[in-house]
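All of these numbers come straight from a predicted model, not from anything done at the bench.
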Amino acid sequence: MPETTGASYASAGVDIEAGDRAVELMKEWVRKTQRPEVLGGLGGFAGLFDASALKRYERPLLASATDGVGTKVDIARQMGVYDTIGHDLVAMVMDDIVVCGAEPLFMTDYICVGKVHPERVAAIVKGIAEGCVLAGCALVGGETAEHPGLLGPDDFDVAGAGTGVVEHDRLLGADRIRTGDAVIAMASSGLHSNGYSLVRHVVFDRAGMTLDQRVDELGRTLGEELLEPTKIYSLDCLALTRTTDVHAFSHITGGGLAANLARVIPDGLHATVDRSTWAPGAIFDLVGKAGQVERLELEKTLNMGVGMMAVVPAEFVDAALTTLADRGVESWVAGEITERGAHTTGAELVGDYAK
């Protein structure tokens with residue numbers, strides 16, 4: 001028999017009251033990210049940022065980026081841990097923005113769920129807000145969308161967009177790089193938010209591992225390792241721009257170390273990175289062995305222990321390493337810039353990893 005009662009948004013699977021409660025729960029976390037330039041509070045149709053703050057710039061350039069965290073969200077869903085995935089989101093967006101030397105200003109998020117669980121949504125926003133604090137930017141707004149019928153009740157995804165600003169004559173990139181520059185590597189916190197389709201296939205489908213399985217080499221469970229938040233380098237990179245003459249940064253994300261570094265290497269020059277200068281973390285070895293993944297395949301998919309790279313003149317190496325050490329960032333000289341030969345590409349890895 002067909003239903004005789006009138007249809008409603010709730011009967012279609014959308015709970016407006018749960019959405020309202022989620023907004024109330026997240027407000028305190030959003031407030032923690034506020035910068036002086038932010039006007040108004042959460043709940044308006046648009047976030048407001050006072051652009052008069054840019055008057056101190058001679059020629060301000062706005063930098064924008066958008067991203068998500070990929071299939072890492074499925075690890076959070078399976079573990080029932082929702083307050084770290086936001087760190088990953090902020091890192092993926094704001095560490096792209098800082099690569100050109102831009103100061104992160106503000107960010108918005110988009111959370112798509114199959115069913116609104118207010119506490120769960122609030123936990124996701126809590127992680128985003130904490131990430132924004134670490135990146136020095138404000139969370140000025142966002143959207144929570146409920147998609148019943150398209151997503152399962154426990155399914156979700158997150159995405160975000162951010163804006164930063166850099167003075168025109170301080171813009172970093174390939175045109176600044178010179179022969180003899182040093183390539184400085186900054187350690188990653190683990191896999192970050194890339195390559196999880198490969199990682200999940202290897203550890204679950206091929207190795208038959210479980211998230212609650214303790215792995216001695218990792219010193220914790222597999223789930224804890226896979227959910228380790230992406231390191232946010234934004235303020236560390238900005239500190240380098242104040243203490244050294246940085247020429248370029250490269251955020252090591254999808255595509256791996258060599259491909260991402262090559263994006264900032266100009267025609268005619270070549271970056272050589274020596275694998276022997278560091279030992280990738282145990283998770284990279286685990287994925288390689290469990291899936292019989294060849295080294296080159298690992299390197300073009302995962303960060304192999306390096307989350308950000310800086311290209312600086314040789315005379316600024318000591319200052320750069322000191323600045324990063326003072327900020328608690330593990331870093332080392334991993335390579336150099338030379339003239340490009342007839343058979344070389346923009347960047348390559350050489351040698352064998354340290355043990």
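- Annotation: side chain of Leu105 is in contact with side chain of Leu54 (closest heavy-atom distance under 4.5 Å).
- Side-chain contact between Phe156 and Val73: present, with at least one pair of heavy atoms (C-beta onward) separated by less than 4.5 Å.
- The closest side-chain heavy-atom distance from Phe316 to Val246 is not below 4.5 Å.
- Across every non-hydrogen atom of Val317 and Val333, the tightest pair is CG1-CG2, 3.5 Å.
- Residues Ala248 and Gly173 share a closest heavy-atom pair of CB-O, 4.0 Å.
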Inset, instruction - Would you check, one step at a time, whether the test side-chain contact (heavy atoms from CB on, under 4.5 Å) holds for Ile85 with Ile75? - result: CA-CA 10 Å; Ile85 204 75; Ile75 305 299; over 6 Å; no

Inset, instruction - Verify side-chain contact (heavy atoms from CB on, under 4.5 Å) between Met304 and Val306, making sure each step is shown before the conclusion. - result: CA-CA 6 Å; Met304 301 306 292; Val306 177; over 6 Å; no

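- Between Glu228 and Arg220 there is a salt bridge, since at least one side-chain N of the basic residue sits less than 4.0 Å from a carboxylate O of the acidic one.
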Inset, instruction - Go through the steps for His87 and Glu130 under the test side chain to side chain donor-acceptor pair (under 3.5 Å), then give the verdict. - result: CA-CA 7 Å; His87 286 235; Glu130 290 173 338; 3.2 Å; yes

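- Proximity of a side-chain donor or acceptor of Asp88 to a complementary backbone N or O of Thr230 within less than 3.5 Å is detected.
- Between Glu299 and Arg275 there is a salt bridge, since at least one side-chain N of the basic residue sits less than 4.0 Å from a carboxylate O of the acidic one.
- Classification of the Trp332-Trp278 ring pair by plane angle, with boundaries at 30° and 60°, yields tilted.
- No single ILVMFWY cluster, assembled from side-chain heavy atoms under 4.5 Å apart, contains both Val264 and Met186.
- Taking CD1 of Ile184 as the start and OG1 of Thr277 as the end, the distance is 11.5 Å to the nearest 0.5 Å.
- For Arg176, the CZ atom is densely surrounded, since the number of other residues' heavy atoms within 6.0 Å is greater than 12.
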Legend entry - Criterion side-chain contact (heavy atoms from CB on, under 4.5 Å) on Asn194 and Asn303, from CA distance to verdict: CA-CA 8 Å; Asn194 300 105; Asn303 67 57; 5.7 Å; no

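- A donor-acceptor pair is defined here as one N or O able to donate and one able to accept, closer than 3.5 Å; no such pair exists between the side chain of Thr301 and the backbone of Gly195.
- In this structure, the separation between OG on Ser189 and CD1 on Ile232 is 9.5 Å, given to the nearest 0.5 Å.
- Following chains of ILVMFWY side-chain contacts shorter than 4.5 Å, one cannot reach Ile265 starting from Phe249, and the two form parts of different hydrophobic clusters.
- Under the 4.0 Å criterion applied to side-chain N and carboxylate O atoms, Asp155 and Arg77 are assigned as salt-bridge partners.
- Judged by distance alone, the side chain of Thr241 and the main-chain N or O of Leu238 form a donor-acceptor pair under 3.5 Å.
- In terms of modelled atom types and a separation under 3.5 Å, the side chain of Asp212 and the main chain of Gly223 share no donor-acceptor contact.
- Between Asp154 and Arg120 there is a salt bridge, with a side-chain nitrogen of the basic residue lying less than 4.0 Å from a carboxylate oxygen of the acidic one.
- Rounding to the nearest 0.5 Å gives a distance of 9.5 Å between CG of Leu89 and CE of Met94.
- Residues Gly288 and Leu298 approach most closely at CA-CD1, 3.7 Å, considering heavy atoms.
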Inset, instruction - Determine, stepwise, if the pair Leu139 / Val125 fulfils side-chain contact (heavy atoms from CB on, under 4.5 Å). - result: CA-CA 9 Å; Leu139 181 60; Val125 174; 4.2 Å; yes

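- For the pair Thr108 (side chain) and Gly142 (backbone), a donor-acceptor distance under 3.5 Å is absent.
- Here the side chain of Asp95 pairs a donor or acceptor atom with the backbone of Tyr233 at under 3.5 angstrom.
- The closest donor-acceptor contact from the side chain of Glu297 to the backbone of Glu294 lies at 3.5 Å or more, if one exists at all.
- With rounding to the nearest 0.5 Å, the separation of OG1 in Thr253 from CG in Asp96 is 6.0 Å.
- Linking Ile, Leu, Val, Met, Phe, Trp and Tyr residues whenever their side-chain heavy atoms come within less than 4.5 Å leaves Val69 and Val287 in two separate clusters.
- In this structure, Asp285 and Glu217 have side chains that are not in contact, with every pair of non-hydrogen atoms separated by 4.5 Å or more.
- Looking at Thr71 and Arg200, their side chains come closer than 4.5 Å, going by heavy atoms from C-beta outward.
- Asp274 places no side-chain N or O within donor-acceptor distance of the main-chain N or O of Leu349, the cut-off being under 3.5 Å.
- Expressed to the nearest 0.5 Å, how far SG of Cys137 lies from CG of Leu235 amounts to 9.0 Å.
- Linking Ile, Leu, Val, Met, Phe, Trp and Tyr residues whenever their side-chain heavy atoms come within less than 4.5 Å leaves Val199 and Leu296 in two separate clusters.
- Using modelled atom types, no side-chain atom of Glu339 and backbone atom of His270 make a donor-acceptor pair closer than 3.5 Å.
- Hydrophobic clustering (side-chain heavy atoms under 4.5 Å, transitive across Ile, Leu, Val, Met, Phe, Trp, Tyr) groups Val293 together with Leu222.
- In plain terms, the two heavy atoms of Arg56 and Glu103 that are nearest each other are NH2-OE1, 3.7 Å.
- Residue Ile97 holds its CD1 atom at 8.0 Å from OG of Ser234, rounded to the nearest 0.5 Å.
- Minimum interatomic distance between Leu240 and Ala310 (heavy atoms only, all atoms of both residues): CD1-CB, 4.2 Å.
- In terms of heavy atoms, Ala271 sits closest to Leu261 at CB-CD2, 3.7 Å.
- A donor-acceptor contact shorter than 3.5 Å links the side chain of Ser250 to the backbone of Asn260.
- For the pair Val98 and Asp236, the minimum side-chain heavy-atom distance is 4.5 Å or more.
- Shown here is Asp318, whose CG atom has no more than 12 heavy atoms of other residues, nucleotides or ligands within 6.0 Å.
- Proximity of Ile252 to Ser188: side-chain heavy atoms (C-beta onward) are nowhere separated by under 4.5 Å.
- For the pair Phe204/Gln78, a side-chain contact is recorded, criterion being any heavy-atom separation below 4.5 Å from C-beta on.
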